[in-house]
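See below for the structure under consideration.
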There are 2 protein chains.
Amino acid sequence: MRLTTKGRYAVTAMLDLAIHFDKGPISLAGISERQEISLSYLEQLFTKLRRKGLVKSTRGPGGGYSLSRSAYDIAIADIITAVDEKVDTTRCGGLGNCQGDERCLTHELWTSLSDQIYSFLAGISLGQLTARKEVQERAQKQTTNVQKVKPDTEQNEESGLDTTSPGA
Amino acid sequence: MRLTTKGRYAVTAMLDLAIHFDKGPISLAGISERQEISLSYLEQLFTKLRRKGLVKSTRGPGGGYSLSRSAYDIAIADIITAVDEKVDTTRCGGLGNCQGDERCLTHELWTSLSDQIYSFLAGISLGQLTARKEVQERAQKQTTNVQKVKPDTEQNEESGLDTTSPGA
DNA sequence: TAATAACTTAGTAAATTACTCGGGTAATGC
DNA sequence: GCATTACCCGAGTAATTTACTAAGTTATTA
């Protein structure tokens, strides 16, 4: 299976969306800040996620993205296949032409591994993840961290430079 | 987890070794022909496999490699970790510093996925694979195919050029 | 001592990944 | 209605990794 940072970023971003579901559309700029993912890269990922029907978008000021259905109806496998195209560990892409026209010695091994991974990721939903305690705690922390770095909305750049710095 | 053709080649080569275990040391040249893997690349892989103690080598004519222990005591996971270094799907390599010093939102998800994959591959031995019917059949075919291509041992290059060619 | 085959190191083309850049376009609020 | 916000889209690109080659050296056997 193709498991790269692309898939990881996509899942992280979708989880951010699921966590802030109650706050209306979530801007990519916000996700970018909280999860430290480049905005342009997020745009690419969300184009795919939208085309696969996992999210819907709202344009204009106050706009952003939201989940197209319940977080409990979106499996991690859905997200990864949406951005990574295929979940497959074989060389031949499951076609069985790994060695000339024939299957290679280990063809069946990789197909059953692929099945295994897919089942695992298909069995976990975004909703389940949001319910986990460590996820909630970390999400809380991320929100306050971002607020600390950007006190208001970067209107006056020197506002944070007091003598009593929050420091350590 | 890092699952590339490198790991796949290593498993295929080791399986070839396990299948021809009874024929004494197996040369990399033979594996290269049967499995269609570049000889130099095999040499690199077997350097790692030897250092990890999975195979032992015999130098000189008639030499080659053989499994260092029973094929039933070598798990697929052993082979892949030997050549790919790590079985891990996290970005941080399991260190937990995926986002600054902290863990990212999805850290635990990837660690449990990694565990899942590892367990699967640790539960399958080379010996189990050799026992499978389709593997045996395919191995048989590979041997005869190679013999057809190289009738004797390429001593006289023109020997195959008869008027009654074997053709289709 | 000549052939064989393991061993070793260095390098490299091709592919992929993870981005950036620059320009759109639709919706909203003043 | 016009500025702003934020989605939308495609092309390009630096860095990394993969898969592989080249060119040797060392050990063993006949």
Side-chain angles (χ1 to χ4, degrees), chain A residues 1-13 17 23-33 35-52 54-66 68 80 83-86 88-89 91 93 98 153-155, chain B residues 1-13 17 23-33 35-52 54-66 68 80 83-86 88-89 91 93 98 153-155:
Chain A
M1 135 150 203
R2 163 169 261 163
L3 193 54
T4 62
T5 58
K6 195 199 273 184
R8 278 191 290 260
Y9 277 166
V11 174
T12 305
L17 224 57
K23 301 192 187 65
I26 304 297
S27 73
L28 291 188
I31 300 178
S32 172
E33 278 183 27
Q35 309 307 332
E36 299 175 10
I37 305 172
S38 122
L39 177 59
S40 307
Y41 202 45
L42 277 176
E43 288 180 341
Q44 285 178 45
L45 297 178
F46 273 81
T47 300
K48 294 187 176 187
L49 293 171
R50 186 174 50 83
R51 285 184 183 150
K52 291 282 162 63
L54 295 178
V55 296
K56 50 187 178 192
S57 61
T58 314
R59 290 181 155 203
Y65 285 93
S66 48
S68 62
I80 294 186
V83 297
D84 265 350
E85 264 98 56
K86 51 183 162 185
D88 181 27
T89 54
R91 177 133 153 102
C98 353
T153 334
E154 80 193 49
Q155 285 169 342
Chain B
M1 134 147 203
R2 161 171 262 165
L3 193 55
T4 63
T5 58
K6 195 198 273 184
R8 277 191 291 260
Y9 277 167
V11 174
T12 305
L17 225 56
K23 301 192 187 66
I26 304 298
S27 74
L28 291 189
I31 300 177
S32 172
E33 279 183 29
Q35 309 307 331
E36 298 175 11
I37 306 171
S38 120
L39 177 59
S40 307
Y41 201 44
L42 278 176
E43 287 178 340
Q44 284 178 45
L45 297 178
F46 274 79
T47 300
K48 293 187 176 185
L49 294 171
R50 186 173 48 84
R51 287 186 182 147
K52 291 281 162 63
L54 296 178
V55 297
K56 50 187 178 192
S57 60
T58 313
R59 288 183 157 202
Y65 285 93
S66 49
S68 62
I80 293 185
V83 297
D84 264 351
E85 263 100 56
K86 50 184 163 185
D88 181 26
T89 53
R91 178 137 154 100
C98 354
T153 334
E154 80 192 48
Q155 284 168 343

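- Comparing A:Gly60 and B:Pro61 by the nucleotide of DNA chain C whose heavy atom lies nearest to each, the residue mapping closer to the 5' end is B:Pro61.
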Below 3.5 Å is the cut-off: list the nitrogen or oxygen pairs between protein and nucleotides 10-12 of chain C, distance only.
none

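- At the heavy-atom level, A:Ser57 lies under 4.0 Å from the strands shown only through sugar-phosphate atoms.
- Taking the six-membered ring where tryptophan is involved, the planes of A:Tyr9 and A:Tyr41 are perpendicular, since the angle between them exceeds 60° and thus also 30°.
- Within 4.0 Å of B:Tyr65, counting heavy atoms only, lie sugar-phosphate atoms of the nucleic acid but no base atom.
- Checking C:dA6, D:dT5, D:dC9 against the side-chain heavy atoms of A:Arg50 singles out D:dC9 as nearest.
- Atoms CG and OG, from B:Leu17 and B:Ser66 in turn, are 6.5 Å apart once rounded to the nearest 0.5 Å.
- With rounding to the nearest 0.5 Å, the separation of CG in A:Leu39 from CD in A:Glu33 is 10.0 Å.
- Here CD1 of B:Ile31 is found 14.0 Å from CD of B:Glu36. Values are rounded to the nearest 0.5 Å.
- Look at CG on A:Leu39: it is 9 Å from P on C:dT20, rounded to the nearest Å.
- Of the possible donor and acceptor atoms, one in the side chain of A:Thr47 sits under 3.5 Å from a partner among the backbone N and O of A:Glu43.
- With B:Ser57 contributing its side chain and B:Tyr65 its backbone, the two residues share no donor-acceptor pair below 3.5 Å.
- Using a 4.0 Å heavy-atom cutoff across all strands shown, B:Ser40 reaches at least one base atom of the nucleic acid.
- Following rounding to the nearest Å, A:Leu45 (CG) and D:dC8 (C1') show an atom-to-atom distance of 14 Å.
- Nearest nucleotide to the side chain of A:Tyr41, out of C:dA18, C:dA6, C:dA27: C:dA18.
- Remark: the backbone N or O of B:Ser38 is not paired with any side-chain donor or acceptor of B:Ser32 at under 3.5 angstrom.
- Between the side chain of B:Glu43 and the base of C:dC7 there is at least one donor-acceptor pair of N/O atoms closer than 3.5 Å.
- The separation between A:Arg8 atom CZ and C:dC19 atom C1' is 15 Å, rounded to whole Å.
- Residue B:Arg51 has a polar side-chain atom (N or O) positioned under 4.0 Å from OP1 or OP2 of C:dT8.
- Residue B:Arg59 places a side-chain atom within donor-acceptor reach of the base of D:dT26, judged by atom type and a 3.5 Å distance cut-off alone.
- The side chain of B:Tyr9 approaches D:dC20 more closely than any other nucleotide in the set D:dC20, C:dT28, C:dC7.
- Checking C:dA18, D:dG10, C:dC19 against the side-chain heavy atoms of A:Ser38 singles out C:dC19 as nearest.
- In this structure, B:Lys48 atom NZ and C:dT9 atom C1' are separated by 14 Å, rounded to whole Å.
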